[in-house]
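Order of the sequence lines sets the chain letters (A, B, ...), proteins ahead of strands, with each chain counted from 1. Computation of the quantities below employed the complete heavy-atom set of this structure, encompassing side-chain atoms and omitting hydrogens, waters and symmetry-equivalent molecules. The shown structure was predicted, so the numbers you read here are calculated from the model rather than taken from an experiment.
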2 protein chains.
Amino acid sequence: MKTNPSPKAKDKSLELLRGKGLNVTHPRRKILAYLLDHHGPFSVEEIHQSMGEGFCDLATVYRCLGQFEKKGLVERRYFGDDILRYEYLDHAHHHHHIICTQCKAVTQLDDCDIAKLESMVKDRGYRDVSHTLEFFGVCAKCQP
Amino acid sequence: MKTNPSPKAKDKSLELLRGKGLNVTHPRRKILAYLLDHHGPFSVEEIHQSMGEGFCDLATVYRCLGQFEKKGLVERRYFGDDILRYEYLDHAHHHHHIICTQCKAVTQLDDCDIAKLESMVKDRGYRDVSHTLEFFGVCAKCQP
DNA sequence: GTGGATGCAAAGAATTTGCAACCAA
DNA sequence: TTGGTTGCAAATTCTTTGCATCCAC
């Protein structure tokens, strides 16, 4: 599961951290680069393990992700299976997930047109409206 | 926060428990009746407290909700605030939530037409497709 | 009567925190 | 140099579990 970040992700993580006014440290950079390189939400455990044995403490991963979340760099997702996952928030690519209820594989659905529903929410007086939308089903591989 | 279940909810909880083949006990009945009477998802803590001091153990609430979930009577929701909530699953009334990001008040949005998106998921080979959709915003009361 | 349900307390898992050492700016 | 960050271990919180007792059927 251990992976090294791509040069591109390393550059972008640097840029993002500086842009958010966060000091650039090794754990922060590597965690963010991992999220940039790999699509889909990951558990804290997965992220920690991806960096290789002993690269940094699990508590550090929690702390970094907590800060990223506060700065709007990542968001937490919950797919109903008791595991919290973090995902890089790419404002340029709004999308949703399709989660296989059997094997838990996550794929993306890029198309999203629920502007109509969001405007109904705005009509009720809400401001700064956003949404989460996840699909669940049994993927082709998991069907008998 | 203590409330007593309505007669209607008491009847329906009995019916639902029997229908699912669950023994009818006081805690099960009162927990289910609470979820039937009050709309919106509630945390385990809220449900426990709603039944009054010492009515039943917190562990019992966890156990009951876990069984209800297995039987498809309730579903867990996660709104990104670290709190897991349980909601009665009314198959006859599919709806979504609007959660105020400030005061956390939950209201419902009954209209839901994302059949088009669900069919896109089915086209990808998924079966038993379902979805969750939540809206977040600042409600009128919480705006300056 | 009997198997399943509950209360209580203890265990377990996930996450957070205190503090000294360390590192980025 | 200095304030912010990390590692480590302990603490906290949330949830689950073992077991004796109790209750629904």
- request: Select from A:Gly54 and B:Leu84 the residue whose nearest nucleotide in DNA chain D is closer to the 5' end of that strand.
  value: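 By nearest-heavy-atom nucleotide position, the 5'-most residue is A:Gly54.
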Round to the nearest Å and state the distance from [X] atom [atom1] to [N] atom [atom2].
X: A:Asp81; N: C:dA14; atom1: CG; atom2: P; value: 12 Å
X: B:Phe55; N: C:dT6; atom1: CZ; atom2: C1'; value: 11 Å
X: A:His48; N: C:dT15; atom1: NE2; atom2: C1'; value: 14 Å
X: A:Tyr78; N: C:dA14; atom1: OH; atom2: C1'; value: 13 Å
X: B:Ile31; N: C:dG7; atom1: CD1; atom2: C1'; value: 13 Å
X: A:Arg76; N: C:dA14; atom1: CZ; atom2: P; value: 16 Å

Who are the side-chain contact (heavy atoms from CB on, under 4.5 Å) partners of [X], not counting sequence neighbours?
X: B:Ile83; value: B:Ser43, B:Asp81, B:Arg85
X: A:Lys70; value: none
X: B:Asp57; value: B:Ala59, B:Thr60
X: A:Lys122; value: A:Glu118, A:Val129

- request: With a 4.0 Å heavy-atom cut-off, tell me which residues in residues 60-71 of chain A come close to DNA chain D, sorted by residue number.
  value: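 A:Thr60, A:Arg63, A:Cys64, in order of number.
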- prompt: With sequence neighbours excluded, what pairs up with A:Arg124 under the salt bridge (charged side-chain N to carboxylate O under 4.0 Å, His left out) test?
  reply: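 Result, salt bridge (charged side-chain N to carboxylate O under 4.0 Å, His left out) vs A:Arg124: none returned.
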field: With B:Glu15 via salt bridge (charged side-chain N to carboxylate O under 4.0 Å, His left out) - residues at least two apart
entry: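 Listed in chain order: nothing, the list is empty.
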- request: In sequence, state the C-alpha distance, the side-chain angles, and the governing distance for B:Leu16 and B:Lys12, and then conclude on side-chain contact (heavy atoms from CB on, under 4.5 Å).
  value: CA-CA 6 Å; B:Leu16 285 168; B:Lys12 184 153 191 196; 3.9 Å; yes
message: Between the opening five pairs and the closing five pairs of the helix from C:dG1-D:dC25 to C:dA25-D:dT1, how far apart are the helix axes, to 10°?
response: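 Both end axes considered, the difference amounts to 40°.
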Please tabulate, one pair per line, each protein N/O and nucleotide N/O from nucleotides 22-25 of chain C that are separated by under 3.5 Å, including the distance.
unit_1	atom_1	unit_2	atom_2	d
C:dA24	O3'	A:Val24	O	3.4

task: State plainly whether the residues A:Arg76 and B:Asp82 are in salt-bridge range, i.e. N to O under 4.0 Å.
output: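 Salt bridge: yes.
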- request: May I have all residue pairs that pass side-chain hydrogen bond (donor to acceptor under 3.5 Å, both in side chains) and include part of residues 132-144 of chain B, sequence neighbours excluded?
  value: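 Output for this query lists B:His97-B:Glu134.
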- request: Determine yes or no for a side-chain-to-main-chain donor-acceptor pair under 3.5 angstrom, with A:His38 supplying the side chain and A:Tyr34 the backbone.
  value: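 Confirmed, A:His38 side chain pairs with A:Tyr34 backbone.
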- prompt: Does B:Arg29 reach the main-chain N or O of B:Ser13 with its side chain, forming a donor-acceptor pair under 3.5 Å?
  reply: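 No: the side chain of B:Arg29 does not pair with the backbone of B:Ser13.
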DNA chain D: 5'-most and 3'-most nucleotides touching chain B, 4.0 angstrom heavy-atom criterion: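 Counting from the 5' end, contacts occupy D:dC14 to D:dC25.
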task: Output all residues satisfying ring pair (Phe, Tyr, Trp, His ring centres under 6.0 Å) with A:Phe68, sequence neighbours left out; order by chain, then residue number.
output: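 Checked A:Phe68 against ring pair (Phe, Tyr, Trp, His ring centres under 6.0 Å); zero matches.
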field: Side-chain donor-acceptor pair present, A:His96, A:His94, cut-off under 3.5 Å
entry: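 Yes, side-chain donor-acceptor contact under 3.5 Å.
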